Structure formats: C-alpha cells, structure tokens
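Quick note on labels: first sequence line is chain A, next is B, and so on, each numbered from 1. Since we're looking at a predicted model, the values are computed, not measured.
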Amino acid sequence: MGVDLRSMLNPKSVAIIGASQNPEKVGHIILQNYINSGYAGKLFAINKDAESILGVKAYRHIGEIKERLDLAVIAIPAPFVPQVLEECGKAGVRSTIVVTAGFEEIGQKELQDQIVEISERYKMPMLGPNCLGVIDTRARTDTLFLPTYKLSKPGVGYVSFISQSGAAGSTILDLIAGEGFGLSKFISYGNAAYIDESDILEYLMNDDDTKVIIMYIEGIKNGKKFIEVARKVTKKKPVVVLKGGRTSVGQQATLSHTASLAGDYQVYEGIFQQFGFTIANDLNDLLYYAKTLVSEPAPKGNRIGIITNGGGAGVITTDAVGYTRELKLAELSDKSKQLLRKKMPPLVNIRIPLDLAGDAGGDRYETAVAAMRDDPNIDMIIVIALFQTPGADSGVVAKLVHFKADIEKPMIVISIGAEYTQIHNRMMEESGLPVYDSPSAAVKALAELYKYYNYKGRK
Amino acid sequence: MTLSDYFEGEKLLKKYGISSIRSWYVSSAEEAIKRADGNPIVMKVISDKALHKSKSGLVALDLKTDKEISSAFKSLTAKAQTLKPYKVIVQEMSKGGIEVIIGGKTDPQFGKVILLGLGGIYVEAFKDFAIRVCPIDDKDAGSMIDSLRSAEVITYNSENKRMLGELLVKVSKMLNGTDLKELDLNPVILRKDGYDVVDIRILK
C-alpha cells in the first residue's frame with residue numbers, strides 16, 4: 001500500500017506557514033495562488049505578527065487552530081523547519097509540503113534526516129523539501145510560489161505531471177498551459193526525503209482523473225522500489241519519461257565490455273523499455289507524446305493512412321513514417337479506391353498519401369476521412385490541413401472535429417503556420433483533436449502510441 | 001575486482017545449462033598440438049591486463065597445421081610478456097556465424113542487469129545493445145532482441161530467435177543466482193543449429 005496523497009492534493013483545510021504580508025515572500029505568493037485558483041476549503045495563514053493576510057485570518061502558531069488540518073505548506077527558512085514540523089505533528093496535521101530549500105541539496109543531510117525522522121514519528125507524509133509542491137486542477141489547490149503573471153496555469157485535463165526539478169517543472173507546466181489537453185495534477189517532489197517518485201507514480205496509477213503520467217527525473221531514490229511500481233503502472237496507463245543527466249562525467253574505468261556499455265543512463269533506458277515507459281528525449285517530446293496518448297484509442301495495427309491538401313507535406317510525412325521502425329504506410333482497400341474515385345475530382349490521385357489538392361474544402365476532407373475510417377487496411381489516420389491553401393478554412397475544422405466524436409481509430413492532425421492557422425489549431429485542440437506543427441513529431445507520437453499498446457497487450 | 005579463472009566460468013555456465021566451446025589451458029606448443037588432434041583450433045592469451053584480446057593481437061584463429069600452432073604459440077607468448085601473469089588457452093574452432101555479446105553487471109541502484117548486443121569487434125563501434133533488469137522472462141528476451149537495430153541480422157529465423165531468447169533467460173538466471181560484478185560472454189557465436197560461447201569473462 002502506497003502513500004495516500006489525497007490530503008495534499010485535495011485538502012479540506014490548509015495552513016500556509018510563513019504566509020507574509022510582503023508580496024515578494026514565498027509564503028505570500030502561495031497564499032495568493034490558493035485564493036486566485038478559487039480554492040474552496042478552509043485556508044489559514046500562520047504568521048507571528050500579522051492579524052490577517054490577504055483577508056485570511058492569521059494565527060501565530062499552528063496549535064492555535066482548533067481543528068485538524070489536512071495540509072500544512074511550510075515556507076520558512078530551513079533551520080526553523082524541524083521545530084515547525086514538530087508543532088504540526090503535535091497539532092495532528094495530516095500531511096506537509098516543505099517548499100523550503102537548504103537541505104541535502106546543499107549538503108545539509110543532517111537537517112534533512114531530522115525532518116524525515118519527525119515526519120515518520122508522527123506518520124505525517126511530507127513532500128519535499130526543496131520543491132514547488134502540488135497543483136490539483138480539480139481540487140483547485142496550488143502551492144506553487146511562482147507569481148501568476150509569470151506562469152500560465154493549464155486548464156483541467158487528464159494528464160498528470162511529476163517533476164523532480166522545480167525549474168524544469170514550471171517550464172513544462174507553462175508549456176502544458178499552451179496545449180489543449182490540460183492538466184490533472186502536478187507534483188514537484190524535490191529532494192524526495194519522505195515521498196519519492198515511486199510513491200507518487202503508484203498514487204497516480206490508481207487515480208481516476210489521471211489517464212497519462214508524464215515525468216521529469218534526474219535520478220531515482222530507490223531502484224528496487226521503482227521497479228516494483230514500474231512493473232504495474234504501465235499495465236494501467238502510459239507513462240512518458242524524460243530523464244535528465246544522461247552523460248555521466250568521470251565514469252569509472254571498467255574491466256568488461258558490458259560495464260563500459262551499460263552506463264547509468266543506458267541502464268535507466270533499458271528499464272524504461274522493459275516496463276513499457278514512453279521515452280522522451282526532449283521537453284517537447286513530453287507534450288507531443290502525452291497529447292496523443294491521452295486522447296487517442298489503442299490502434300489495431302501499425303498501418304498509417306495520410307490525407308493532405310499539400311503534396312510536399314504529404315511526402316515529408318510519408319518519409320517520416322518510413323523512418324520509424326514501428327509504422328508503415330497503409331494501402332487503400334479496393335472498396336475505398338472505388339468510392340474515392342467516384343467522389344473525388346479527377347485531379348486527385350487515389351493512393352496514400354491521399355492528396356486532396358489545394359482547393360480542397362470541408363467536403364473533400366469529409367469524404368476522405370470517412371473512407372479511411374471504414375477502410376480495414378488502415379489503422380491510424382494522419383490528416384494534414386494546410387490553411388494557407390485556397391480551399392481550407394473553418395469548414396475543414398468543423399468536419400474534422402465532427403469525425404473526432406465518431407471514429408474509433410487514432411486520428412491526429414498536422415497543421416503548420418502562423419496566426420490564421422493557430423486559430424484553427426486551437427479550435428481543434430480544444431475539441432480533443434491532437435494537432436502537431438511538425439510531421440516528424442506527429443509520426444513519432446503515433447509510433448509511441450503503437451508501441452505503448454503493443455506493450456500493454458503483450459501476452 | 002578480480003578476473004575469475006576461465007574454467008571456473010565454464011563450470012558456472014554449465015550449472016545453468018549453458019554450454020561453451022571445448023577449451024584447454026596449454027603450457028607448450030606440443031601440448032597445443034596434442035589437444036588439436038588434427039582439428040583446427042583457436043589460441044588465445046588470457047590476462048586481466050588485456051580486455052581487448054583480438055584488438056591487441058592476442059588471438060590466433062583457425063590454426064590447422066602443427067607448424068601454424070607452434071608459430072602461433074611462439075608469437076603469442078612473446079606478446080604476452082608484458083601481461084604477466086597470463087595463460088594460454090586453446091579452443092575448438094567455431095564453425096562461424098553471427099557474433100553477439102551477452103553480458104551482465106551489478107548496478108548499484110537496480111541490481112543485476114543483462115545486456116545483449118551485436119558482438120565481437122562491432123560492440124564498441126556500433127553500440128547496438130539492449131539492457132534489462134534481471135530476472136527476465138521470454139517476453140523480455142524477445143523485446144531485447146527486437147529492440148536491436150541489428151535484430152534481423154542476428155536472428156535470421158524464428159528458431160534462431162527462440163534459441164537466443166532461451167539463452168538470455170538462462171544467463172539472467174545465472175546472474176541472479178551468482179555473486180559477480182561483471183560478466184562478458186563475448187562473442188557468443190550464433191549458428192543455424194546452436195550457439196558457441198567462445199569467450200567467458202567474469203569479474204568478482
């Protein structure tokens with residue numbers, strides 16, 4: 001049985017310890033963010049001097065609050081953290097998030113051991129220290145100490161994000177905010193002194209509001225524990241992982257070929273492959289893969305149908321399919337060929353990639369997608385819509401969005417361009433249709449989708 | 001770390017049902033000729049100071065005549081003077097096939113891991129290999145093979161693939177059951193009808 005993170009993510013009552021009237025202080029920003037996100041539970045500020053902060057009544061001491069708190073967010077200098085944790089324990093606080101830095105990451109191992117000991121003694125799970133804490137978009141909790149104007153916050157969705165690093169975490173969070181798929185939970189766990197990545201992974205594995213997990217890690221706290229969770233989690237939902245710190249500086253001289261090949265990262269990569277993790281090589285990959293994994297169903301096979309309104313983009317996408325080891329270009333069934341030949345104007349070549357030509361509007365897209373939807377030779381569909389062409393406009397978007405609700409095959413869109421295109425892309429993304437601005441990203445996303453379900457269905 | 005004796009390694013492999021090519025230590029050219037008994041042999045120098053035996057010219061292949069054997073013994077022992085202590089080993093000559101490396105090591109975080117890669121002299125050049133944490137099952141073994149870029153070169157038919165998969169599972173069992181730091185079976189030569197483990201390197 002893993003650690004229950006509910007009291008952190010969805011607390012009924014929260015105390016911000018170190019809440020301050022000074023808008024530059026971390027404790028002030030956290031309180032402000034709770035208020036801004038519309039948190040509906042009970043909020044308490046702990047401050048030695050103030051009567052109230054941002055309209056929230058302030059207490060001098062956590063013991064003065066006469067009810068049992070689900071969560072204390074601790075944002076005070078490191079040397080004072082042990083004493084405050086002790087007070088939280090005595091007051092019966094259910095869990096804590098220590099955002100404060102200045103522990104093991106700067107060599108203060110003893111101070112960290114001390115706060116772990118206190119948390120264990122009171123059986124009070126602690127996230128951090130040295131972390132950003134959590135966001136739960138449904139519970140409207142937000143412990144991030146980053147001012148709202150600096151960082152866009154994602155909408156409500158089904159992707160949850162675990163990050164060891166706070167800085168990488170907030171960057172990726174900002175990027176997610178620019179995507180249509182939204183966020184379920186964000187958990188930044190910092191030094192992993194008490195709750196580590198395996199605990200969080202296990203919790204999210206059983207969380208109904210999480211359909212895809214993405215994670216940024218630099219190391220793993222406990223390898224054996226991680227493997228036990230890794231074995232289970234991907235049987236339930238996809239996990240996209242980006243591992244920082246791949247090149248090991250000053251690797252030891254080895255006496256065998258195996259040890260010289262199997263460096264630290266190679267072992268991580270092997271384990272990710274073994275347990276069906278989706279491996280990201282860059283920050284953007286996390287988003288590219290998550291986008292398709294969260295919205296698309298399991299493909300029946302690896303044959304790709306391509307529809308385009310531009311010859312070049314169709315060729316580049318076809319090439320990208322050829323570069324993958326997993327996917328191949330589909331061939332239209334005879335039935336589809338006959339149907340398309342009858343309905344398409346003569347200038348349309350009936351083959352894949354199916355080039356509808358630059359004057360194609362919504363109707364031609366509708367005919368093409370319907371044919372591929374019903375074609376047993378096609379497992380996944382890529383629709384390229386270039387809005388610079390004379391024929392493409394919101395009519396194309398309307399048809400594609402309509403199909404999204406009515407198709408059991410994975411279908412994604414490639415649409416590349418500036419403002420006019422972006423408007424249409426947003427319309428499609430908000431309707432749950434994954435849109436990519438690069439053929440290679442789109443194709444890689446489908447390859448990863450195929451790989452994941454192939455692993456999941458492995459007998 | 002210390003290098004285990006070659007025949008200790010051979011014995012360990014045998015315990016897990018893994019056969020290796022017949023080998024003997026020899027201390028003279030005459031002894032080598034006697035062991036060859038008219039068949040082609042391979043002669044190697046073993047020393048923990050030499051990781052790259054073939055690159056360092058410490059392997060003589062396909063020695064057929066008494067004369068070839070004698071002159072190989074002479075030149076190899078001359079080269080080995082800087083590698084003391086060393087031993088000379090002779091082996092039956094493998095009929096040849098695709099060379100792979102099967103290895104293992106104890107990772108400080110995750111415990112025993114197993115490696116499969118394109119072997120022999122290609123290991124370092126192409127770095128085409130897959131790693132899994134032990135123990136592995138036949139599905140893991142299959143996915144290891146499939147994940148190599150050279151998968152189709154290594155396993156040219158399904159029988160061959162099944163055989164390699166079984167071998168990987170056995171090596172994984174051996175790794176889990178043995179207290180060792182590093183293991184190289186390099187190369188393992190995959191033939192149509194079997195495999196030859198022609199070099200064993202175990203570090204404890």
J.: Rounded to the nearest 0.5 Å, what separation is found between the CD1 atom of A:I271 and the CZ atom of B:R132?
T.: 10.0 Å
J.: Is it the case that atom NZ in B:K173 sees more than 12 heavy atoms from other parts of the structure closer than 6.0 Å?
T.: no
J.: Is A:F275 in contact with chain B via its backbone, its side chain, both, or neither, using a 4.5 Å heavy-atom distance?
T.: side chain
J.: Determine whether A:Q274 and B:D140 make a side-chain contact, defined as any pair of heavy atoms from C-beta on separated by less than 4.5 Å.
T.: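 Yes, their side chains come closer than 4.5 Å.
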J.: Counting only N and O atoms by type, is there a donor-acceptor contact under 3.5 Å from the side chain of A:R325 to the main-chain atoms of B:S147?
T.: yes
J.: Of the backbone (N, CA, C, O) and the side chain (C-beta and beyond), which part of B:V123 lies under 4.5 Å from a heavy atom of chain A, both, or neither?
T.: both
J.: Below 4.5 Å, heavy atoms only, C-beta onward: do A:S260 and B:E124 meet side chain to side chain?
T.: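 Touching, per the 4.5 Å side-chain cut-off.
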J.: Should the heavy atoms of other residues, nucleotides or ligands under 6.0 Å from NZ of B:K34 be counted, would the total exceed 12?
T.: no
J.: Is a side-chain N or O of B:E182 found less than 3.5 angstrom from the main chain of A:S256, in a donor-acceptor match?
T.: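 Yes, B:E182 side chain to A:S256 backbone: donor-acceptor pair under 3.5 Å.
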J.: Say you draw a straight line from CD1 of A:I227 to CD of B:Q109; how long is it, rounded to the nearest 0.5 Å?
T.: 9.0 Å
J.: Based on non-hydrogen pairs under 4.5 Å, which of B:I102, B:L3, B:L203 is most in contact with chain A?
T.: B:L203
J.: Go through B:A130, B:G117, B:G104 and name the one with the most non-hydrogen pairs under 4.5 angstrom from chain A.
T.: B:G104
J.: May I ask you to check whether over 12 heavy atoms, not counting those of B:F126, lie within 6.0 Å of atom CZ?
T.: no
J.: Answer whether the closest heavy-atom distance between the side chains of A:E269 and B:I131 falls below 4.5 Å.
T.: no
J.: With a 4.5 angstrom heavy-atom cut-off, could you sort out which part of B:D128 is near chain A: side chain, backbone, both or neither?
T.: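 B:D128 has no heavy atom closer than 4.5 Å to chain A.
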J.: Just jot down the salt bridge (charged side-chain N to carboxylate O under 4.0 Å, His left out) partners of B:E68, sequence neighbours excluded, or say none.
T.: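 Once residues adjacent in sequence are excluded, B:E68 has no partner under the salt bridge (charged side-chain N to carboxylate O under 4.0 Å, His left out) criterion.
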J.: Is there a donor-acceptor pair closer than 3.5 Å between any side-chain N or O of B:K105 and the backbone N or O of A:A262?
T.: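 Judged by distance alone, yes, a pair lies under 3.5 Å.
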J.: Within the 4.5 Å heavy-atom criterion, are B:M144 and A:Q273 side-chain neighbours or not?
T.: no
J.: Using a 4.5 angstrom heavy-atom cutoff, name the option from B:L148, B:I114, B:I202 with the most pairs to chain A.
T.: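 So the answer, after comparing B:L148, B:I114, B:I202, is B:L148.
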J.: If you count heavy atoms of other groups shown closer than 6.0 angstrom to CD of A:E110, is the number above 12?
T.: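 12 or below, so no.
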J.: Around atom NZ of A:K456, are there more than 12 heavy atoms from other residues, nucleotides or ligands closer than 6.0 Å?
T.: yes
J.: Which of residues 183-201 of chain B get closer than 4.5 angstrom to chain A, counting heavy atoms alone?
T.: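 Within residues 183-201 of chain B, the residues that come under 4.5 Å of chain A (heavy atoms only) are B:L183, B:D184, B:N186, B:R201.
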J.: Working to the nearest 0.5 Å, report the span between CG of B:D107 and CG of A:D264.
T.: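 With rounding to 0.5 Å, CG (B:D107) is 6.5 Å from CG (A:D264).
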J.: Please tell me if the side chains of A:R458 and B:S143 come closer than 4.5 Å, counting only heavy atoms from C-beta onward.
T.: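 Yes. Closest side-chain heavy atoms under 4.5 Å.
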J.: Looking at B:Y16, I'd like to know if its OH atom is crowded, meaning that more than 12 non-hydrogen atoms belonging to other residues, nucleotides or ligands lie closer than 6.0 Å.
T.: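 Yes.
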J.: Do A:Q266 and B:F129 come close enough that some side-chain heavy atom pair is under 4.5 Å?
T.: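 Result yes, sub-4.5 Å side-chain heavy-atom pair found.
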J.: Within a radius of less than 6.0 Å around NZ of A:K225, do more than 12 heavy atoms belonging to other residues, nucleotides or ligands occur?
T.: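 Counting other residues, nucleotides and ligands, NZ of A:K225 exceeds 12 neighbours.
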J.: In terms of heavy-atom contacts, does CD of B:E10 have more than 12 from other residues, nucleotides or ligands at under 6.0 Å?
T.: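 Yes, the 6.0 Å shell around CD holds more than 12 heavy atoms from other groups.
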